[in-house]
Amino acid sequence: MKLAYYPGCVAKESGREVDLATRYVCRTLGIELVDFPKFSCCGSGFIDEANEVLNVAINARNIAIAEAAGLDLLTVCSTCQGMLTLAQLRMRDAAVRSKVDATLRPLGIDYRGTAKVTHLLRVLVEGVGLDAVRAKVRRPLAGMKVGAFYGCHLLRPADELGWESGEEPHAFEDLLSALGAEPVFYRGRVLCCGFPVQFVKGETAGRIAGRQILDAKDHGAEAMATPCPLCHISLDAYQGPAAKQVGRPLDMPVFHLPQLVGLAFGATPEELGLARHLVPTDAVVAKVPPAAR
Amino acid sequence: MASETVSVPFDVYRYLPGKDAAPRYQRYTLELTPHTPVLTGLLRIRDEVDPTLGLRYSCRSAICGSCAMQINQKSRLACETQVGPELARHGRIVVEPMRNQPVLRDLVVDQTPFWREYAKVEPHLKLDPRRPMPAGKPTPMTPAEVERFRETPRCIACAACYSACPAAEADPEFPGPMALAKLYRFAVDPRDTAHQERLLRIQPNGLWLCLRCHLCTEACPKDVRPSERIRDLKEMAIAAQGATELGSRHAVGFKRNLREGGTLNEMKLVRQTYGVLGMLPQLPHGLKIWRKKPEVARKPHPIEGLDDLQKIYDALDPEAKR
C-alpha cells in the first residue's frame, strides 16, 4: 500500500509525536508513505467559519497535489479528515466547483475529485484489516482499559463524511481489542473535546474536556486514546485547566491512536514520543507486560 | 404480514423532584414487534402497567415535536424510533429525559431555557412599515433565495438538538442550535428587513460558543442541519460587522495566518486572537506546554508552492492579505 501522507499542521509541529508514531506503524505494516512538502494546513474548521469557498479551494489544492501523483491520501487527524472530505463534497456543487476551478486551473492545479481521503483508523480497520494488525502485535496491551475518543470531524455529519455511525461508532474499539486492550464504552467518547472554544472561552473548553475525561474515568478507563491531535491538545495539553473546571483530579494519560498501535507493535516510548505529553504515560505503559522475544 | 413479537426490556428513568431522593431506572419488559415505536411501548407501560409514568407526546407522527427524549443516549423523537434497531444494538431500550433542561417528572422536562433562547432571536418576520408588502400579492423570490432556507423552516421545535448540544450543556450563554437555526431562517428571508440588525446582535451573544461538533445535525429529526447553518451565520456575521469577538478574531486570524506560510504558526495565532496584552494570562500554562512541545513557539517552515496558495487567497479572499 502506497499513500500520500497528509500529516496536518499539528503532527508537523507541536504534535510531532503523532508523526513519529504514524511512521513507525506504517513501516511495520509495509505501508509506504509519500511526503508532499506542498501540502498546506486544512484550515482546521476555522477558515471554514470565515470563508467557506476559500476553505474548499485550499483543500481542493491539497487533494489535487495527491491526485497529480496518482495517490490516495492518508490523514492522521479527525479534523483534517473532516475538512478534506467536506471539500470533496462541496466540490460536487456546480457553483462552488466552477468558482474554485476558475481559481485553481490558471495555476496549473487540476482537481479531479478521484482521490480517496482516509484516516489512519479506517486504513487499519478496513484497508490493512484487523487480522493483519493482530499479526504484528508483539506486546499485547493486555488488560489496559482504554477509552476511545473519536473526535467530531471523523464522524459527523455522518451522512456527509462518516463511514461509521455518527453517534454509535465501534471501529476504534474494535482496533483497541485487536491490540489486546480492553475498550471502555462511555457516552463522552463521541462528544466534543472543547478545542473549538479553547480560544473563545477557556473555562467552557475546560469544562467540556474535563467532563469527557471524567466520564471515561468513571467508566473504568485508565487511559484514553484519540485519532485527533486537536482533541489531544484539549485532553492532554489542557488537562490541567480542565481538572480545575470539573473540580476533580483527572490524571488521565491520553495516547494518540498510532502511539497505542506502535506500543503494541513493540515500539519503545522514545520511538513514539511519549515523553512529549503533559500527562505522564509511564505508569500505564509500565503495566503492559514486555514484548515477547 | 405481521412480524413476530420479541421481548423488549425498557429501562425507564423515573424521578419526581421534591418527592424522590434520587432518580432511578425502572425495568418494564414488553412483547412487541420490532417496528413498534418506542412511544407506543411507553404508552402501553403507562396505560397497562404503571399509570404514574410521566411523558409528553401528542401527534405520534413526528410532526408536533412533543416526544423528544433520550433513547439509548441519543436525542430522538420516541414516535419515530423503532424498538428493533435499538434492541439489536444495545439489547435494551434505555429511555431518559432530554438533557440540558431540568426534569419535572420522569421523561417530562422544563423547556423554559429552550423557549427563552427561541424568543430572544425574535423568530418572526420584521417588515419595514414604510414598505408594506403588497396586499393579496405574493412576494417573488428567486430559486437561489428559496434554496437558502430550504431546510430551516422544517424545524418542529422538538428540542432534540438542544438536548444533544455539548455547548448548551457546558455554557448557558450558548443560545442552542435551534434558536440559531431559526435566526438564520429570518436572516436570509428576502421579506425580512432586519437582516443587518439580527446579524449585529449574534456575535456578542454566544454565536462563537458553537463547537461545530454536528451532534445537533445528527439528532435533528427533520434534517434542519443547525450546525451547518450556524457556520453560515458565522461567515455572515463577520461580513456584517467584522471580527468583533474572540471567536471571530480567531477564525479570521487563522485565515490570515495560513496565508503567510501555509502551515499554522501557533504562537502567532495566539497573538492574532488575543492581542499582545491579552496573551499574558495564557503565558503560565503556555510555558508548561512549551517545555514539552517547544515547536509551539517556533515559526514553521513555509510550504513549497506557497505562491499558488497565496494566489488562491488573492482570488477568493483579498482581504486576508492585511
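Basis for what follows: all heavy atoms, side chains included, without hydrogens, waters or symmetry-related copies. Residue numbers begin at 1 in each chain, while the letters A, B, ... track the order of the sequences.
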Could you pull out the closest heavy-atom pair between B/Ile312 and A/Ala57, with the gap in Å? CG2-CB, 3.7 Å

To the nearest 0.5 Å, what is the distance between CG on B/Leu246 and CD on A/Gln198? 12.0 Å

Please classify the contact between B/Ile238 and chain A as side chain, backbone, both or neither, with a heavy-atom cut-off of under 4.5 Å. side chain

Closest-packed option against chain B by number of heavy-atom pairs under 4.5 Å, given A/Gly166, A/Pro106, A/Gly43: A/Gly43

Side chain, backbone, both or neither: which part of B/Leu264 has a heavy atom under 4.5 Å from chain A? both

B/Glu235 portion near chain A, given a 4.5 angstrom heavy-atom threshold: both

May I ask you to decide whether A/Arg187 forms a salt bridge with B/Glu169, counting only side-chain N to carboxylate O separations under 4.0 Å? yes

Under 4.5 Å heavy-atom distance to chain B, tell me which part of A/Leu104 shows up: side chain, backbone, both or neither. side chain

Test B/Thr263 against A/Glu13 for side-chain hydrogen bond (donor to acceptor under 3.5 Å, both in side chains), laying out the working first. CA-CA 9 Å; B/Thr263 297; A/Glu13 299 293 330; 6.0 Å; no

Please state whether the side chain, the backbone, both or neither of A/Glu17 comes within less than 4.5 Å of a heavy atom of chain B. side chain

Measuring heavy-atom distances to chain B, does A/Lys201 have an atom under 4.5 Å in its side chain, in its backbone, in both, or in neither? side chain

Do the side chain of B/Lys234 and the main chain of A/Ala50 share a donor and acceptor less than 3.5 angstrom apart? no

Between CG of A/Leu155 and CD of B/Glu218, what distance do you get to the nearest 0.5 Å? 8.5 Å

Do the side chain of A/Asn51 and the main chain of B/Leu316 share a donor and acceptor less than 3.5 angstrom apart? yes

Is chain B contacted by the side chain of A/Arg276, its backbone, both, or neither, given a heavy-atom distance below 4.5 Å? both

Look at B/Arg89 together with A/Glu167 and state whether they make a salt bridge at an N to O cut-off of under 4.0 Å. no

For the student: nearest non-hydrogen atoms of A/Ile47 and B/Phe254, plus distance: CG1-CD2, 3.6 Å

Using the six-membered ring wherever Trp is involved, compare the ring planes of B/Tyr274 and A/Phe199 and label them parallel, tilted or perpendicular (cut-offs 30° and 60°). parallel

CD1-CZ distance between A/Ile58 and B/Arg259, expressed to the nearest 0.5 angstrom: 11.0 Å

How long is the straight-line distance from NZ of B/Lys293 back to CZ of A/Arg16, given to the nearest 0.5 Å? 10.5 Å

Please check this pair: side chain of B/His285 against backbone of A/Ala237, looking for a donor-acceptor N/O pair closer than 3.5 Å. yes

Measure across B/Leu258 and A/Cys41 and return the closest heavy-atom pair with its distance rounded to 0.1 Å. CD1-CB, 3.1 Å

Would A/His153 and B/Arg212 satisfy side chain to side chain contact (heavy atoms under 4.5 Å, CB included), going step by step from the backbone distance to the final call? CA-CA 9 Å; A/His153 299 282; B/Arg212 52 186 153 79; 3.7 Å; yes

Counting only heavy atoms closer than 4.5 Å, note whether A/Phe36 contacts chain B via side chain, backbone, both or neither. neither

Between A/Gln212, A/Arg211, A/Lys12, which residue shows the highest count of heavy-atom pairs closer than 4.5 Å to chain B? A/Arg211

Look at A/Asp159 together with B/Arg225 and state whether they make a salt bridge at an N to O cut-off of under 4.0 Å. yes

Using a cut-off of under 4.5 Å for heavy-atom pairs, which of A/Leu191, A/Thr204, A/Val190, A/Val100 has the most such pairs with chain B? A/Thr204

Check: B/Tyr313 side chain, A/Leu54 main-chain N or O, donor-acceptor pair, under 3.5 Å: no

Output the option from A/Cys152, A/Gly202, A/Cys193, A/Gly151 having the highest count of non-hydrogen pairs under 4.5 Å with chain B. A/Cys152

So which heavy atom on A/Pro157 is nearest to which on B/Thr217, and how close? CB-CG2, 4.3 Å

A/Lys38 side chain reached by B/Ile303 side chain, heavy atoms, under 4.5 Å: no

Tell me, side chain or backbone of A/Asp48 under 4.5 Å from chain B's heavy atoms, or both, or neither? both

Starting at CG of A/Asn55, measure out to CZ of B/Arg231 and round the result to the nearest 0.5 Å. 8.5 Å

Within the supplied structure, the quantity of interest is the number of heavy atoms (other residues, nucleotides, ligands) at a distance under 6.0 Å from B/Lys292 NZ; does it exceed 12? yes

Nearest heavy atoms of B/Trp208 and A/Val197, plus distance in Å: O-CG1, 3.6 Å

Return the minimal non-hydrogen interatomic distance between A/Ser14 and B/Glu266, and the atom names on each side. OG-OE2, 3.0 Å

Between A/Arg207 (side chain only) and B/Asp171 (backbone N and O only), is there a donor and an acceptor less than 3.5 Å apart? no

CH2/A/Trp163: more than 12 non-hydrogen atoms of other groups inside 6.0 Å: yes

Contact origin within A/Ala205 toward chain B - heavy atom pairs under 4.5 Å: neither

Tell me, side chain or backbone of A/Ile109 under 4.5 Å from chain B's heavy atoms, or both, or neither? side chain

What part of A/His170 gets closer than 4.5 Å to chain B, counting heavy atoms only: side chain, backbone, both or neither? neither

Could you go through A/Glu160 and B/His214, starting from their C-alpha distance and side-chain angles, then the distance that decides it, and tell me whether this counts as side-chain hydrogen bond (donor to acceptor under 3.5 Å, both in side chains)? CA-CA 11 Å; A/Glu160 292 194 329; B/His214 300 293; over 6 Å; no

Interatomic spacing from CZ in A/Phe46 to OG1 in B/Thr273 - rounded to 0.5 Å: 8.5 Å

Out of B/Arg298, B/Glu245, B/Arg249, which one racks up the most heavy-atom pairs below 4.5 Å with chain A? B/Arg298

Under the criterion side chain to side chain contact (heavy atoms under 4.5 Å, CB included), I'd like the reasoning laid out for A/Arg156 against B/Leu215: C-alpha separation, chi angles, the key distance, then a yes or no. CA-CA 7 Å; A/Arg156 294 180 295 267; B/Leu215 281 157; 3.5 Å; yes

Is A/Glu168 in contact with chain B via its backbone, its side chain, both, or neither, using a 4.5 Å heavy-atom distance? side chain

Any idea which of B/Leu233, B/Asp314, B/Asp317, B/Leu211 has the most non-hydrogen atom pairs under 4.5 angstrom with chain A? B/Leu211

Tell me, for A/Ser44 versus chain B, whether the close heavy atoms (under 4.5 Å) come from the side chain, the backbone, both or neither. both

